[in-house]
Amino acid sequence: MFRDFLIEYQKAAGNNPSIGFKDSLFNILNYENNQKLTGGCTGFGCGAAFNFVSLLPDGEVHACRKFPSYIGNMHEKHLKDIYHSS
């Protein structure tokens, strides 16, 4: 069923420029069609805390918007310091 969903999604993307492909789960179809495989949600593995962070209304900064991944709070440190911290 998931494979069928991916096929339908690809068809819909052909008619809608707003639909993109950023998930490595499309590698199932890429492999079957001898196409280049991608990695992770950013195309090069997960970019959480490397390419982006998520800022919540209460000042909390998380590495990822999809799950709790607290890395600091803007009420305690500047975003630049949080982003460049270990």
Over all heavy atoms of both residues, which pair between C64 and S69 is shortest? Give the atoms and the distance, please.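 In this case the closest contact between C64 and S69 is N-OG, 2.8 Å.
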
Restricting to non-hydrogen atoms, name the atom on P17 and the atom on N15 that form the minimum distance, rounded to 0.1 Å.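 Closest approach of P17 to N15, heavy atoms only: CD-O, 4.0 Å.
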
Could you check whether atom OH of Y9 has more than 12 heavy atoms from other residues, nucleotides or ligands sitting under 6.0 Å from it?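 More than 12 within 6.0 Å, yes.
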
If you count heavy atoms of other groups shown closer than 6.0 angstrom to NE2 of H78, is the number above 12?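 It does not: H78 NE2 has 12 such atoms or fewer within range.
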
Heavy atoms, side chains only, cut-off 4.5 Å: are N30 and K36 in contact?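 No - every pair of side-chain heavy atoms lies 4.5 Å or more apart.
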
Does D4 reach the side chain of E8, with side-chain heavy atoms less than 4.5 Å apart?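 Heavy-atom side-chain distance check fails, nothing below 4.5 Å.
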
Residue pairs involving residues 67-86 (criterion salt bridge (charged side-chain N to carboxylate O under 4.0 Å, His left out); sequence neighbours excluded):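 Output for this query is empty, none listed.
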
List the residues meeting side chain to side chain contact (heavy atoms under 4.5 Å, CB included) with D58, not counting sequence neighbours, and say none if there are none.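 Partners of D58 by the side chain to side chain contact (heavy atoms under 4.5 Å, CB included) criterion, ordered by chain and then number, come out as L56, E60.
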
Reported NE2-to-CZ distance for the pair H62 and F52, which is rounded to 0.5 angstrom: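 Here the interatomic distance stands at 13.5 Å.
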
Spell out, as yes or no, whether a donor-acceptor pair under 3.5 Å connects the side chain of N73 to the backbone of H75.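 Flag set: sc N73 to bb H75 pair under 3.5 Å.
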
Group every Ile, Leu, Val, Met, Phe, Trp and Tyr by side-chain heavy-atom contacts under 4.5 Å, then state whether F67 and Y70 land in the same group.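 Different hydrophobic clusters.
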
Test question: given the 4.5 Å side-chain rule for I, L, V, M, F, W and Y, name all other residues clustered with L79, or answer none.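 V53, L55, V61, I71, M74, I82, Y83, which link up through side-chain heavy atoms under 4.5 Å apart, make up the rest of the cluster.
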
